[in-house]
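The structure appears right after this line, and notes come after that.
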Amino acid sequence: MYNFNKIEAKWRKYWEENQTFKTDIWDFSKPKYYVLDMFPYPSGVSLHAGHIEGYTATDIVSRMKRMQGYNVLHPMGYDSFGLPAEQYAVQTGNNPNGFTQRNIETFTEQLKSVGFDYDWTKMVQTSDPKFYKWTQWIFKQLYLDGYAKYINMPVNWCEELGTVLANDEVIDGKSERGGYPVVRKNMKQWVIDQPAFAETLLAGLEEIDWPESTKEMQRNWIGKSIGAQVTFQIKDTDKTFNVFTTRCDTLFGATYCVMAPEHELVDQITTKEQQAAVKAYQQECAKKSDLERTDLNKDKTGVFTGAYAINPVNNQAIPIYISDYVLASYGTGAIMAVPAHDDRDFEFAMKFNIPIIQVLEEVTGTPHENECTKNSIVAIVYDPKEEKYLTINWHEQGGRLFIGGTRKENEDAVSCAIHEIKEETGYVDVKLITEDFKINHHYYAYNKDKYFNIEATPLLFELQSDQKVAPELEEDEKFSVEWVSKEVIDKEITDELHRKSFEYVLHPMAMCGDGIHINSEFLNGMNKEEAIHTMIQWLEEHHCGKKQVNYRIREWIFARQRYWGEPMPIVYLEDGKIHVLDDDELPLILPELDDYKGHNGKAPLENAIEWKQYDHNGLKGVRDTSTMPGSAGSSWYYMRYIDPDNEEVFANPELLKHWMPVDLYIGGPEHAVGHLLYSRIWNHYLYDKGLSPVKEPFQKLVHQGMILGANGIKMGKRYPEYAIDPLDIVKNYGADTLRLYEMFMGPLEASKPWSQQGVEGAQRFLDRVYRLYQSDKISEQSNPNLDKVYHQTVKKVTDDFENLSFNTAISQMMVFVNAVYKEDIFPSAYADSFLQLLNPIAPHITEELWHTVMGHEETIAYSKWPTYDERYLVETEKTIAVQVNGKVRATITVLEEDSNEEIEKKALAAENVKRHIADKEIVKVIVIKGKIVNIVVK
RNA sequence: GCGGGUAUGGCGGAAUUGGCAGACGCGCUAGACUUAGGAUCUAGUGUCCCAGACGUGCAGGUUCAACUCCUGUUACCCGCACCA
């Protein structure tokens, strides 16, 4: 076994002493390549296997690009503000900075031990005043441009952490960190106006090479929906309120309105009689945490306010309820409810006995020209004693159906149905159960040779007794009355109308799809899309509504009542005005405290009595004592790497123009709607101001998958016995082995289980390579036997690295090594190139062999990446398969210049093929040149 | 419930535009070298009723040919979740 510990230490020292990986940022002579990792939070625990995976991937790409002649920027830094350091400070009374710096030292040591090619002279720390000066400065610009605002709004308040949280920091009603309960609370807060960026963020997604799932998550998070705002007047007052709806076409079906319990109008419109009930309900809702509020959504609750709203399209007065199924924070905090065509409204209406008006008919069947129209019924009779349904079996004429019939003029659906049941089956003692909707059905009647478009009303009856009269129609071989079970119906009733009828009658529900409008005056006969369009026009003409776009994304709550973050560069002056610090007052440095704990829900900086007092240039006031969220610094750090020591600007514009955007960004998928959205917002903003040269900061994004424990179980706190410490692997197997193994495990994006035996396999390969280079096979002679596999390997490794398919690149290198082992001569040119191909994955061992065996003086890191010659890849002679009726029966050797006829001749001549086509007729022979021959016989 | 993804030997996983399913590694079996082997090298390794048949979650379809395309379906993973 080669001495990996010694070799790895030797070359790490060499790289550091020679500043091998220092990027000359001003060297514009070569094309640039900016490859970035998501920087870690320097916690007390060390790097885990997942970090190594992502960091190795970028390391490989950066090393290959460097060898391909790019000027590569591959920096690393620390997201060093955050909660664990804060908690350490609270518990020990020590400044969190010391704790943070110690962790950073450990992390840096660990990262170096894995051999990553970071340019450490570019390192940034978000908690460094030199860095956060510019975080504060960008915030200041956002404030001056009106995007950062100090407003009163409902926030996520976590009592346990003593701070507000952003929406992405709340998971299932609990804090992301610690899992403490989170409640809604109204507070005056610093926020960033995210909805202002919604459109540009959506548009930008089209330009970038990101995983579709992540883009989709961002789209959902932004949550654009196009609809209409409709203004309702409150009956007998001059008050109005707006609702947002995506289905203004169903306005004629609105039978009530709902306001969120917190809606500002609720107190003003509630009638005396309802006041007590409304107050009680509001209090009940306020007490609930977000978790309880969403958890208790199985059953709808609500209270009538006593007030009525006037539906602008028909001047009907409809009741106004309050219910927590309407959220104060979305849309206008009030809705129009259309129970016939919305699931939630349907559920609420059923519970509170509110009328349901159908305004949209589902359409079944296919429309046809020259249809006759009529009204009809589908009667479904249920016998609860036998648990069977009454059907008519029309045998050949039309299969099994329920009882159907045409309504005569002036005949209502129920009497028609009762009449038809009697006429066709003789049963007379039936009770109506439901009759709530209509279906629009197109069909062709064979017996009449006509196309029909009918409006059908399905009705459910229950059989009360077996009482019967003689039916008008006698049963015969064409027609029989049968009671059957639900299973038989599911199987045998195929008619679309009858199936739909049965489905709706058994499970009444809202019809949310498309259809034909009814009961809707000027919309009647239109489909959904047409009706929405028409209704918006009508609303605008009558000044009671308009087209409206709504976003789910809300203000980004930007202040935390914590210590370990960037202080807000804000002062509240004595006259109540807000003052933002001058540039020369930045950075506003975080003061040392005696006590890092907040008291009574107040920020820890409240303890900095002197620091708080502001008296500068004749302005007196009090500083804001909140700090920025963890995602502030990480929203722009990628630009600071380019120019980390600049004291005049956050980064030199000329450098930014050359280096941005990040060409490849690799990190975990957990930041999909946090960091990755915030960064885009800041970058879009800076781009609009001309301070960033590109709109989108990260051109290509890839997420590495999770590395699981050996049993496929997530590593971590719950199962520490399965946790793998990558540094143990470095010590016991070598950094090169760790890197090779993690890259060979499987596709970068996939989750994959750890295998100790796999680690040993990786080490075995490296040792095999090492021994190969110690052998006397390396020679100045050439070896044509290796030409093809060599060029194939160069091509595949280059392509696969480019596509981040490291597992298959490694597999190809193994194929190459296996091939060399079978040969006596390993040409030194190939031996050189192979080290270069393997270098990005295993930098130490390859650098060692490059110098000690191949005799190079200079580092391998800047050697020219090998190229392949296409000539060796085209195969003059190829073995292809011959199939007979799609089954492989033989393989034949064909030459590049063989014509299809010659190939066919060879195929037919193969022994095993002859046997399989003997005494059969050849229907045709398919020859795909260079691929396969298929002989079809009969 | 909605959105996205995955499913291939004992295991991790390969398979350009549909064209010899199982590359490569792990594990396993046998042999060589050895005092020895948990080192190394060589050969083998999808299943079965083995001149053949079957086989990429399940059921269909398209095609000369399907892991790959189409329809339906199941299981698991991730995200969102009363968003009007």
Side-chain angles (χ1 to χ4, degrees), chain A residues 1 171-172 211-217 219-221 223-225 227-228 243-248 250 257-258 260 293-294 296-298 300 323-327 329-338 342-345 347-348 550-554 669-670 672-673 703 705-706 710 712 740-741 744-747 749-762 764-765 767-768 771 799 805 807-818 821-822 879-891 912 915 923-937:
Chain A
M1 179 62 55
I171 314 276
D172 291 336
E212 198 44 51
S213 58
T214 305
K215 288 196 200 179
E216 198 54 33
M217 246 193 257
R219 282 188 202 106
N220 292 341
W221 191 259
K224 179 178 183 174
S225 68
V243 305
F244 173 72
T245 175
T246 54
R247 293 299 302 275
C248 64
T250 61
C257 283
V258 188
R293 217 158 141 164
T294 48
L296 291 173
N297 72 26
K298 287 164 205 128
K300 294 263 179 300
S323 170
D324 66 359
Y325 87 90
V326 171
L327 307 175
S329 49
Y330 183 78
T332 61
I335 62 157
M336 68 178 209
V338 185
D342 181 280
D343 293 327
R344 298 151 299 180
D345 299 344
E347 196 190 322
F348 191 88
N550 223 323
Y551 302 96
R552 203 180 77 106
I553 195 170
R554 290 176 245 156
E670 65 273 15
V673 290
H703 299 302
M706 203 184 321
L740 177 74
Y741 170 65
F744 190 54
M745 288 173 87
E749 295 94 329
S751 294
K752 26 203 186 260
W754 187 268
S755 154
Q756 197 62 25
Q757 284 166 330
V759 176
E760 285 161 20
R764 199 172 304 157
F765 173 69
D767 197 45
R768 209 163 133 83
R771 278 185 280 111
D799 292 351
S805 303
N807 56 330
T808 50
I810 292 166
S811 132
Q812 181 63 37
M813 289 192 259
M814 290 171 168
V815 169
F816 180 75
V817 170
N818 289 345
Y821 259 82
K822 290 197 174 71
T879 306
I880 64 167
V882 182
Q883 298 180 330
V884 178
N885 282 351
K887 298 212 163 68
V888 180
R889 297 300 179 188
T891 53
N912 205 32
R915 196 165 53 237
V923 180
K924 69 173 155 181
V925 180
I926 293 143
V927 178
I928 310 292
K929 233 180 160 180
K931 293 250 168 91
I932 206 163
V933 179
N934 194 4
I935 301 162
V936 187
V937 297

Just how far, in rounded Å, is [atom2] of [N] from [atom1] of [X]?
X	N	atom1	atom2	answer
A:K752	B:C26	NZ	P	19 Å
A:I932	B:A15	CD1	C1'	14 Å
A:M706	B:C76	CE	P	18 Å
A:E760	B:C28	CD	P	11 Å
A:I553	B:C80	CD1	P	14 Å
A:Q812	B:A15	CD	C1'	13 Å
A:I880	B:C20	CD1	P	11 Å
A:W754	B:G13	CH2	P	14 Å

Remember a base hit wins even if backbone is also touched, and classify [X] as base, sugar-phosphate or nothing at under 4.0 Å, heavy atoms.
X	result
A:K887	sugar-phosphate
A:N912	sugar-phosphate
A:S751	sugar-phosphate
A:P669	nothing
A:Q757	sugar-phosphate
A:N818	sugar-phosphate
A:S213	sugar-phosphate
A:R768	sugar-phosphate
A:D342	nothing
A:S329	nothing
A:S755	nothing

Report yes if at least one side-chain N or O of [X] is closer than 4.0 Å to OP1 or OP2 of [N]; otherwise report no.
X	N	value
A:S225	B:A84	yes
A:R552	B:C80	no
A:R889	B:A53	yes
A:N885	B:A65	no

Under the 3.5 angstrom rule, does the side chain of [X] hit a backbone N or O of [Y] as a donor-acceptor pair?
X	Y	answer
A:D345	A:V338	yes
A:Y821	A:R768	yes
A:N885	A:V937	yes
A:Y741	A:Q756	no
A:N934	A:I926	no

Select one nucleotide: of [options], the one nearest the side-chain heavy atoms of [X].
X	options	answer
A:I928	B:C24, B:A14, B:G19	B:G19
A:Y330	B:C64, B:A84, B:C20	B:A84
A:I335	B:G19, B:C26, B:A84	B:A84
A:R771	B:A14, B:U40, B:G19	B:U40
A:S811	B:A23, B:G4, B:C41	B:A23
A:F744	B:C24, B:C64, B:C80	B:C24
A:T245	B:C41, B:A84, B:G13	B:A84
A:P747	B:A84, B:A14, B:C26	B:A14
A:Q883	B:G25, B:A21, B:G13	B:A21
A:N934	B:A65, B:A14, B:A84	B:A65

Considering only atom [atom1], compute the distance from [N] to [M] and round it to an integer number of Å.
N	M	atom1	value
B:G46	B:A15	C1'	16 Å
B:A14	B:A59	P	25 Å
B:C77	B:C41	P	41 Å
B:A23	B:G12	P	15 Å
B:C26	B:U16	P	24 Å
B:G55	B:U68	P	13 Å
B:U62	B:A53	P	23 Å
B:C28	B:C11	C1'	11 Å

Going by modelled atom types, is there a donor-acceptor pair between the base of B:U42 and the side chain of A:K822 at under 3.5 Å?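 No, the side chain and the base share no sub-3.5 Å donor-acceptor pair.
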Does a distance-only test, which skips hydrogens and angles, find a donor-acceptor pair under 3.5 Å between the side chain of A:K300 and the base of B:C82? yes
Is B:C33 syn or anti, taking syn as a glycosidic angle within 90° of 0? anti
With syn defined as a glycosidic angle within 90° of 0 and anti as everything else, classify B:G60. anti
The answer to which of A:M745 and A:I810 contacts RNA chain B further toward the 5' end, by nearest nucleotide, is A:M745
Quick one: on RNA chain B, does A:V933 or A:D767 contact a more 5' nucleotide (nearest heavy atom)? A:V933
Stems with RNA chain B, 3 or more Watson-Crick or G-U pairs in a row (under 3.5 Å), are B:1-7 with B:74-80, B:10-12 with B:24-26, B:27-32 with B:40-45, B:46-48 with B:52-54, B:57-61 with B:69-73
Distance from [X] atom [atom1] to [Y] atom [atom2], nearest 0.5 Å?
X	Y	atom1	atom2	answer
A:M1	A:D767	CE	CG	4.0 Å
A:I810	A:F744	CD1	CZ	6.5 Å
A:M813	A:T808	CE	OG1	9.5 Å
A:E347	A:K300	CD	NZ	4.0 Å
A:E749	A:S805	CD	OG	8.0 Å

For the pair A:Y325 and A:F348, name the ring-plane relationship: parallel under 30°, tilted 30 to 60°, perpendicular over 60°. tilted
In terms of side-chain heavy atoms, does A:N220 have a donor or acceptor partner in A:R552 at a distance below 3.5 Å? no
